[in-house]
Number of protein chains: 2
Amino acid sequence: MKIGELAERTGASRRLLRYYEEQKLISPGRSDNGYREYAEFHVGRVMQIKGLLDAGLPTRIIRQILPCLDQPRSIYFDDLTPEMVAILEREHDHLTQRIDCLTRNRDSIADYLATVRRMKTTGEAIDRAA
Amino acid sequence: MKIGELAERTGASRRLLRYYEEQKLISPGRSDNGYREYAEFHVGRVMQIKGLLDAGLPTRIIRQILPCLDQPRSIYFDDLTPEMVAILEREHDHLTQRIDCLTRNRDSIADYLATVRRMKTTGEAIDRAA
DNA sequence: TTTGACCTTCACATCAATGTGAGGGTCGGA
DNA sequence: TCCGACCCTCACATTGATGTGAAGGTCAAA
């Protein structure tokens with residue numbers, strides 16, 4: 001599949017797909033004419049990159065952890081240095097922190113919305129006294 | 001408390017604290033000499049901002065949802081426009097998506113690390129065949 | 001009273017993630 | 001063969017979150 005189709009299927013711009021490649025997050029092949037050639041699995045891959053990016057991870061980190069997240073592992077265990085394990089552990093903890101922070105804030109929003117809805121139905125009694 | 005102390009207690013640079021103010025995320029008072037004067041609750045507030053920012057939310061969104069997350073509500077229910085409710089609902093869903101994405105990826109890392117550890121103990125049998 | 005450690009504003013620098021456009025090939029169909 | 005819709009590279013622009021430094025005011029302690 002060429003870049004246009006991948007762009008359409010993932011919602012990422014062509015420019016962005018080239019940027020991901022420049023950042024070594026994806027490595028499409030090339031056909032004879034120089035066009036990038038993407039495989040089916042690149043669709044999921046791009047979605048994953050977009051998600052991680054949107055969640056605040058920089059490409060630098062994504063590049064490091066991505067090879068470990070593939071289903072048929074693309075990095076093998078004897079290639080794995082202690083440094084790499086340390087990075088993964090650190091990122092694992094970091095992700096957990098982010099998740100906790102987001103969860104707390106999301107729940108606060110939910111609480112707030114729930115309160116608003118309760119107010120709306122039980123009458124407009126506002127506790128300005130708080 | 002002055003900006004230096006707040007910076008030290010929150011781990012945010014002075015520059016950043018001024019930036020947050022410029023972005024209307026915090027509103028310290030001023031003493032006679034023009035120095036910013038922060039209250040105790042600003043410590044938590046800054047941590048929350050840092051967390052949200054680190055998790056990928058732009059200041060624009062943080063500014064919108066922050067007033068709703070305070071414990072003594074600083075925004076009251078009759079001030080709340082339908083547009084604001086819509087924004088909160090949208091952000092709530094968006095946060096949920098982010099959380100799911102991060103959770104999936106964190107769990108993948110955990111799986112990977114678990115597999116690595118299993119390999120280390122049960123011998124170096126590598127499934128290159130995958 | 002001077003020095004050092006604060007604080008102020010202003011402004012330019014940087015990095016990551018993007019957009020946008022120029023200048024130019026490739027290719028399939030009218 | 002020519003047009004339109006693709007693709008390429010290169011490169012400059014922008015936005016958001018920061019760093020950094022200049023030029024200067026405040027204040028406490030020596």
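Protein chains get the first letters and strands the later ones, always in sequence-line order, with residue 1 at the start of each.
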Any idea which heavy atoms bring B:Glu40 and B:Arg9 closest together, and the distance? OE2-NH2, 2.5 Å
Hits for salt bridge (Lys or Arg N to Asp or Glu O under 4.0 Å) against B:Glu37, two or more places apart or cross-chain, chain-then-number order -> none
CG (A:Leu113) and OG (A:Ser108) are apart, to the nearest 0.5 Å, by 11.0 Å
Rounded distance (Å) that lies between atom P of D:dC6 and atom OH of A:Tyr38: 16 Å
Sequence neighbours excluded, which residues qualify as ring-ring contact (aromatic ring centres under 6.0 Å, His included) partners of B:Tyr20? none
Nearest-Å distance, CD1 (A:Ile3) to P (D:dA5)? 18 Å
Do any N or O atoms of the protein come closer than 3.5 Å to N or O atoms of nucleotides 15-17 of chain D, and which pairs are they?
from	atom 1	to	atom 2	distance (Å)
D:dA17	OP1	B:Thr59	N	2.8
D:dA17	OP2	B:Tyr19	OH	2.8
D:dA17	OP2	B:Thr59	OG1	2.8

Quick one: B:Arg18 CZ to D:dT18 C1', roughly how many Å, whole number? 13 Å
Considering non-hydrogen atoms only, spot the tightest contact between A:Leu102 and B:Arg98 and give its length. CD1-CB, 4.0 Å
Pairs meeting criterion salt bridge (charged side-chain N to carboxylate O under 4.0 Å, His left out) with involvement of residues 19-28 of chain A, two or more places apart: A:Glu21-A:Arg30, A:Glu21-A:Arg36
Salt bridge (charged side-chain N to carboxylate O under 4.0 Å, His left out) pairs, two or more places apart, involving residues 87-96 of chain A: A:Glu89-B:Arg117
Do B:Ser13 and B:Arg18 make a side-chain contact, defined as non-hydrogen atoms from C-beta onward lying under 4.5 Å apart? no
Under the 3.5 angstrom rule, does the side chain of A:Ser31 hit a backbone N or O of A:Gly34 as a donor-acceptor pair? no
What heavy-atom pair brings A:Arg45 and A:Ile26 nearest, and what distance separates the two atoms? CG-CG2, 3.5 Å
Listed by chain and number, what are the salt bridge (Lys or Arg N to Asp or Glu O under 4.0 Å) partners of A:Arg14, not counting sequence neighbours? none
Under the rule for ring-ring contact (aromatic ring centres under 6.0 Å, His included), what residues qualify as partners of A:His92, not counting sequence neighbours? none
Residues in residues 24-36 of chain A with a heavy atom under 4.0 Å of DNA chain D, by number, are A:Arg30, A:Gly34, A:Tyr35, A:Arg36
Nearest-0.5 Å distance, CD of residue A:Glu8 to CD1 of residue A:Ile3: 13.0 Å
Within residues 4-14 of chain A: residues closer than 4.0 Å to DNA chain D (heavy atoms): A:Gly4, A:Arg14
Tabulate below the donor-acceptor pairs under 3.5 Å that side-chain atoms of residues 46-62 of chain B make, not counting sequence neighbours, or state none.
from	atom 1	to	atom 2	distance (Å)
B:Gln48	NE2	A:Asn105	OD1	3.0
B:Lys50	NZ	B:Thr10	O	3.1
B:Asp54	OD2	A:His94	NE2	3.3
B:Thr59	OG1	B:Gln23	OE1	3.2

Axis-to-axis angle across the helix from C:dT1-D:dA30 to C:dA30-D:dT1, five pairs each end, nearest 10 degrees, ~ 10°
First and last nucleotide of DNA chain C in contact with chain B, 5' to 3', at under 4.0 Å to a heavy atom: what are they? C:dC6 to C:dA11
Here the pair of heavy atoms bringing A:Lys2 nearest to A:Tyr35 is CD-CD2, 3.5 Å
